[in-house]
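Report on one structure; see the data block that follows.
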Amino acid sequence: MSRDSARLVELAARGGEPVVGDLGDSRSLDRACEGVTQIVSTANSFMGSGPTSPTRVDVAGYQRLLDAARRAGVARIVHVSASWVSPDSTVDYFRVKALVDDVIRRSGLPYVLLKPAALLDVWVNMVVQEVKAGRPARIFGDGTRTASYIATEDVAEFAVRILALRDVVNEEIEVGGPRSLSQNQLVDLIEASLGVPIRRQKIPRLVLLAAATVLRPFNELLARLMSLGAWSASADHLVADWQGPAIRFGVQPMTAEAFLRPRA
Ligand SMILES: NC(=O)c1ccc[n+]([C@@H]2O[C@H](COP(=O)([O-])OP(=O)(O)OC[C@H]3O[C@@H](n4cnc5c(N)ncnc54)[C@H](OP(=O)(O)O)[C@@H]3O)[C@@H](O)[C@H]2O)c1
């Protein structure tokens with residue numbers, strides 16, 4: 001499902017049955033749920049602000065989706081949440097994701113909350129975009145805090161494996177990559193893979209926190225990004241038992257090195 005029909009052309013070409021839908025439009029969600037037995041959901045308004053802010057769209061949107069799912073007799077929802085979401089997080093988006101998790105838990109619909117660590121694709125892409133634009137890579141804090149980065153492809157594989165196992169119900173499953181890496185180490189690996197030196201700009205955590213507070217009334221998205229940076233610089237964010245789900249579902253999450261290696 002996408003709000004944009006142009007994005008669905010490739011899926012249709014691959015044999016999918018895409019539908020145009022919007023979390024804000026119940027009728028489109030009814031159409032999307034028609035004949036569906038299981039839902040995998042990732043939709044979120046992280047990049048939104050004002051009327052499209054995650055604080056306005058996501059919770060009500062998921063309530064609409066769950067209502068539509070119940071009307072259509074959907075048997076289970078596998079929702080991509082995130083590790084570390086919490087109702088008292090300093091990052092507004094993590095608070096919203098915690099509320100969405102709760103809406104799903106209370107919906108009465110059988111669910112699985114799949115909770116990945118930081119997505120490699122997103123964090124690598126952020127650095128590559130800066131390099132392409134001739135800007136330094138932004139490092140949050142001193143860049144030494146670590147995370148269990150996992151590739152989106154591997155999160156998708158977990159979702160696919162879970163869809164095939166009907167007895168996985170009302171569970172919350174944290175997934176992460178096989179090696180924790182700091183942001184400095186991740187940029188080192190990107191540098192080696194691109195074969196060009198990458199300039200780095202370290203932004204102290206206190207600056208990120210202050211910027212988030214000052215910017216919030218004027219630029220919600222930038223404030224969100226700053227608070228996310230401050231959060232990532234505040235502690236290690238590891239998935240301690242990444243091996244348990246890997247063995248249970250038969251998914252071998254790739255390392256950042258493997259992710260960055262050119263593939264045929
Ligand atoms: N980034 C990370 O490091 C990280 C870490 C852990 C977990 N996660 C979670 O992983 C999932 C995927 O993350 P991502 O960064 O790849 O997501 P993303 O690129 O930001 O994707 C957002 C998706 O949400 C859809 N969407 C937004 N508003 C919508 C609306 N009103 N109605 C219907 N669809 C809407 C968009 O679809 P269209 O624009 O096509 O309509 C888009 O495909 C998310 O749930 C995220 O919270 C991310």
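Numbers here simply count residues along the sequence, with the first being 1. The basis for the numbers below is simple: all heavy atoms, side chains too, and nothing from hydrogens, waters or symmetry mates. Both counts, for ligands and for their atoms, begin at 1 and track the order of listing.
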- [ ] Output yes when a protein non-hydrogen atom is found under 4.0 Å of atom 5 (C) of ligand 1, and no otherwise.
- [x] yes
TODO: Can you pull out the closest protein heavy atom to atom 16 (O) of ligand 1? Residue, atom name and distance to 0.1 Å, please.
DONE: L119 CD1, 4.3 Å
Open item on the list: Is atom 40 (O) of ligand 1 touching the protein, meaning some protein heavy atom lies under 4.0 Å away?
Closed with: yes
TODO: Measure the shortest side-chain to side-chain distance between R248 and V168 over non-hydrogen atoms and say whether it is less than 4.5 angstrom.
DONE: yes
TODO: Check whether any side-chain N or O of S89 sits under 3.5 Å from a backbone N or O of V85 as a donor-acceptor pair, and report yes or no.
DONE: no
TODO: Identify, for atom 10 (O) of ligand 1, the protein heavy atom at the shortest distance, and state residue, atom and that distance.
DONE: V80 CG1, 3.5 Å
Task: Nearest neighbour in protein (non-hydrogen) for atom 43 (O) of ligand 1 - done: R7 NH1, 4.7 Å
TODO: Give the atoms of ligand 1, by number and element, whose distance to some non-hydrogen atom of A43 is under 4.0 Å.
DONE: 24 (O), 25 (C), 26 (N), 34 (N), 35 (C)
Open item on the list: Please state which option from L120, T42, V100 has its nearest heavy atom closest to atom 12 (C) of ligand 1.
Closed with: T42
- [ ] Describe, in one word, how the ring planes of Y62 and H79 are oriented to each other, choosing from parallel (under 30°), tilted (30 to 60°) and perpendicular (over 60°).
- [x] perpendicular
TODO: Show which atoms of ligand 1 fall inside a sub-4.0 Å distance from at least one heavy-atom site of V122.
DONE: 1 (N), 15 (O)
TODO: Tell me yes or no: between the side chains of R76 and Q38, is some donor less than 3.5 Å from an acceptor?
DONE: yes
TODO: Report yes if some N/O of D22 lies less than 3.5 Å from some N/O of ligand 1; otherwise report no.
DONE: yes
Task: Y93 neighbourhood, listing ligand 1 atoms whose heavy-atom distance to it stays under 4.0 Å - done: 46 (C), 47 (O)
Task: Closest approach of any protein heavy atom to atom 9 (C) of ligand 1, naming residue and atom - done: S81 O, 3.7 Å
- [ ] Could you check atom 32 (N) of ligand 1 against the protein and tell me its nearest heavy-atom contact, residue, atom and distance included?
- [x] L23 N, 2.8 Å
Task: Protein residue, atom and distance nearest to atom 36 (C) of ligand 1, heavy-atom basis - done: R3 NH2, 3.8 Å
- [ ] Output the list of atoms in ligand 1 that are nearer than 4.0 Å to some heavy atom of S2, sorted by atom number.
- [x] 38 (P), 40 (O), 41 (O)
TODO: Ignoring hydrogens and angles, state whether a donor on the side chain of S182 or N184 is under 3.5 Å from an acceptor on the partner side chain.
DONE: no
Task: Distance flag, aromatic centroids of F140 and W231, threshold under 6.0 Å - done: no
- [ ] Please determine, by modelled atom types, if S232 and Q183 share a side-chain donor-acceptor pair under 3.5 angstrom.
- [x] no
Task: M1: numbered ligand 1 atoms lying under 4.0 Å from its heavy atoms - done: 33 (C)
- [ ] Would you kindly say whether S28 and D22 are connected by a side-chain donor-acceptor distance under 3.5 Å?
- [x] no
- [ ] Output yes when a protein non-hydrogen atom is found under 4.0 Å of atom 19 (O) of ligand 1, and no otherwise.
- [x] no
Task: Shortest protein contact, atom 27 (C) of ligand 1 (heavy atom only) - done: N44 O, 3.0 Å
Open item on the list: Under a 3.5 Å cutoff, is there a donor and acceptor pairing between the side chains of D67 and Q63?
Closed with: no
Task: Note: E191-R199 ion pair, threshold 4.0 Å (strictly below) - done: no
